[in-house]
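What follows is one structure encoded as structure tokens, with my remarks underneath.
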2 protein chains.
Amino acid sequence: MPRPEIDIAGVFAPHDHKTCASRALDEAEARLLAEGARLTPVRRRTLEILLESHRALGAYDVLDRLAAEGFGRQPPVAYRALEFLVQHGLAHRLQRLNAFTACLHPGSDHNPAFLICRSCDKIAEANAGEVREALADVAGHGGFRVERATIEALGLCNACAEAEA
Amino acid sequence: MPRPEIDIAGVFAPHDHKTCASRALDEAEARLLAEGARLTPVRRRTLEILLESHRALGAYDVLDRLAAEGFGRQPPVAYRALEFLVQHGLAHRLQRLNAFTACLHPGSDHNPAFLICRSCDKIAEANAGEVREALADVAGHGGFRVERATIEALGLCNACAEAEA
DNA sequence: TTCTCCATGTTACAGAATAACAAGTCAACC
DNA sequence: GGTTGACTTGTTATTCTGTAACATGGAGAA
Ligand SMILES: [Zn+2]
Ligand SMILES: [Zn+2]
Ligand SMILES: [Zn+2]
Ligand SMILES: [Zn+2]
């Protein structure tokens, strides 16, 4: 049971998202405290914006929100905040989407596989341990040493699959 | 033995690349013939350009080459040719790099994992069967059905690892 | 206090991708 | 042979994404 409270199904099913989000925010604060990094107003607000849903937002979507709330309105404002969050494990970047999503369990170090529902656009993080193992294995047979890997799956979540039927 | 002639190590090690490339081109022609699609001059040239190395090229790199050879010099020229190649399985798009690379064995249907060497920038395709299986497995436990997946690994190839040492 | 680090903001630009339209090619069909 | 219709290639213009370079301001250390 690697991730006790939030799991894949939990993201896609209706749930008490307020609790879900505030828990993630708490964990984020704890982690930054431990690392001695500062969760400044822009950064905090950026994280909150990402945490509003389980979807991914483009940098410019975030920027619009920030600008509307009185922060700077130039791209670097958003990109810097997002980069900070990603670097401290509080958010993830989705390569397929050129977009960012909040990490739901920033407490634990991880490197998840992403599950992107093509219907509701929500995003779940899956434990990628075995996937990475399989990847390292096949790569290793060819003499290639994997250092980092992007694993992003597009598909249909349970809730949307039921809705379609 | 799913892929007999070109394997991961074969890409990174010195090899007779002319043969390597012309074989891929031949397979590409055969495949298009079977599908009833046309390998027009721009498309063919685009594929040849990609086949010149095992690296990935950005759309604008390709465009520069095409323009210099008398083809159109506007972005859609390159993007359309590349999209055609990708859609017919003759090239792949690397999400991490915003770039394209020729497929080395377009004959067989496949959906590889990509191994990107951070030192020499070469790219190999690895059989992703077991990786996808592991991914489908972990996703399935959360009720998520994977339809397509991006698997891109960054690391160090054998040749570059030896060179570093 | 003063100095330094870091964070925030700006302007300006670079890089990646697509929308919308015009014109040419080519084979099928009358 | 000429016409039609699908496809291909080309253009202009615009949008979306991301970064470089520089100026300002605050909070803590010396
Ligand atoms: Zn939630
Ligand atoms: Zn869904
Ligand atoms: Zn080769
Ligand atoms: Zn290498």
Side-chain angles (χ1 to χ4, degrees), chain A residues 28-29 32-33 35-50 55-88 90-101 116 121 150 152, chain B residues 28-29 32-33 35-50 55-88 90-101 116 121 150 152:
Chain A
E29 281 179 332
L32 287 186
L33 197 64
E35 292 185 6
R38 295 169 50 201
L39 190 60
T40 60
V42 216
R43 293 171 179 171
R44 183 190 182 95
R45 194 66 197 110
T46 300
L47 180 54
E48 287 172 355
I49 288 169
L50 290 183
R55 301 189 172 78
L57 290 181
Y60 282 76
D61 297 328
V62 172
L63 179 58
D64 287 346
R65 295 283 309 272
L66 291 175
E69 298 177 20
F71 295 99
R73 52 185 59 258
Q74 302 307 322
V77 170
Y79 279 102
R80 283 196 287 235
L82 289 166
E83 188 191 9
F84 172 89
L85 295 177
V86 168
Q87 237 150 20
H88 288 81
L90 311 186
H92 299 290
R93 174 186 209 123
L94 302 195
Q95 304 282 350
R96 285 190 81 100
L97 306 179
N98 289 334
F100 301 82
T101 192
I116 308 167
D121 294 327
T150 301
E152 297 178 1
Chain B
E29 281 178 332
L32 287 185
L33 197 64
E35 292 184 6
R38 296 170 50 201
L39 190 60
T40 61
V42 217
R43 293 170 179 172
R44 183 191 182 93
R45 195 66 197 108
T46 300
L47 180 54
E48 288 172 355
I49 289 169
L50 291 183
R55 302 188 171 78
L57 290 181
Y60 282 75
D61 296 329
V62 172
L63 179 58
D64 287 345
R65 295 284 308 271
L66 291 175
E69 297 177 21
F71 295 99
R73 54 183 60 256
Q74 303 306 323
V77 170
Y79 279 103
R80 283 196 288 236
L82 290 166
E83 188 191 9
F84 172 89
L85 296 177
V86 169
Q87 236 150 19
H88 288 81
L90 310 186
H92 298 290
R93 173 184 208 123
L94 285 288
Q95 304 281 353
R96 283 190 83 99
L97 306 179
N98 290 334
F100 301 83
T101 191
I116 308 167
D121 293 327
T150 301
E152 297 178 2

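Not measured: the values here are computed from a predicted model. Residue numbers start from 1 in every chain, and the chains themselves are labelled A, B, ... in the order their sequence lines are given, proteins ahead of strands.
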Q. On DNA chain D, nearest-nucleotide positions of Leu97(A) versus Val42(B): which is more 5'?
A. Val42(B)

**Q.** hbond_proxy Tyr60(B) side chain to dA14(C) base (donor-acceptor, 3.5 Å cutoff)
**A.** no

Q: Give the angle between the helix axes at the two ends of the helix from dT1(C)-dA30(D) to dC30(C)-dG1(D), taking five base pairs at each end and rounding to 10°.
A: 10°

Q. What is the nucleic acid contact for Arg93(B), judged by heavy atoms within less than 4.0 Å: base, sugar-phosphate only, or nothing?
A. sugar-phosphate

Q: Give the rounded distance in Å between these two atoms: CG of Leu57(B) and P of dA16(C).
A: 11 Å

Q. Roughly, in whole Å, what's the span from CG in Leu63(B) to P in dT18(C)?
A. 14 Å

Q.
Is it the case that the side chain of Gln95(B) and the backbone of Thr150(B) share a donor-acceptor pair, with hydrogens and angles ignored and the cut-off at 3.5 Å?
A. no

Q. Please give, in whole Å, the distance from dA17(C) P to Gln95(A) CD?
A. 12 Å

Q: Could you check Glu29(B) against Arg44(B) for salt bridge (Lys or Arg N to Asp or Glu O under 4.0 Å), going step by step and ending with a plain yes or no?
A: CA-CA 9 Å; Glu29(B) 281 178 332; Arg44(B) 183 191 182 93; 2.4 Å; yes

Q) Of all of residues 67-86 of chain A, which get a heavy atom below 4.0 angstrom from DNA chain C, listed by number? A) Phe71(A), Gly72(A), Arg73(A), Gln74(A), Pro76(A), Val77(A), Arg80(A)

Q) Within the structure, does a side-chain N or O atom of Asn98(B) lie under 4.0 Å from either OP1 or OP2 of dA17(C)? A) yes

(Q) Does the protein touch nucleotides 24-30 of chain D at the base, only the backbone, or not at all? Give it as B, S and - per nucleotide, heavy atoms under 4.0 Å. (A) -------

Q: To the nearest Å, give me how far apart CZ (Arg96(B)) and C1' (dT17(D)) are.
A: 17 Å

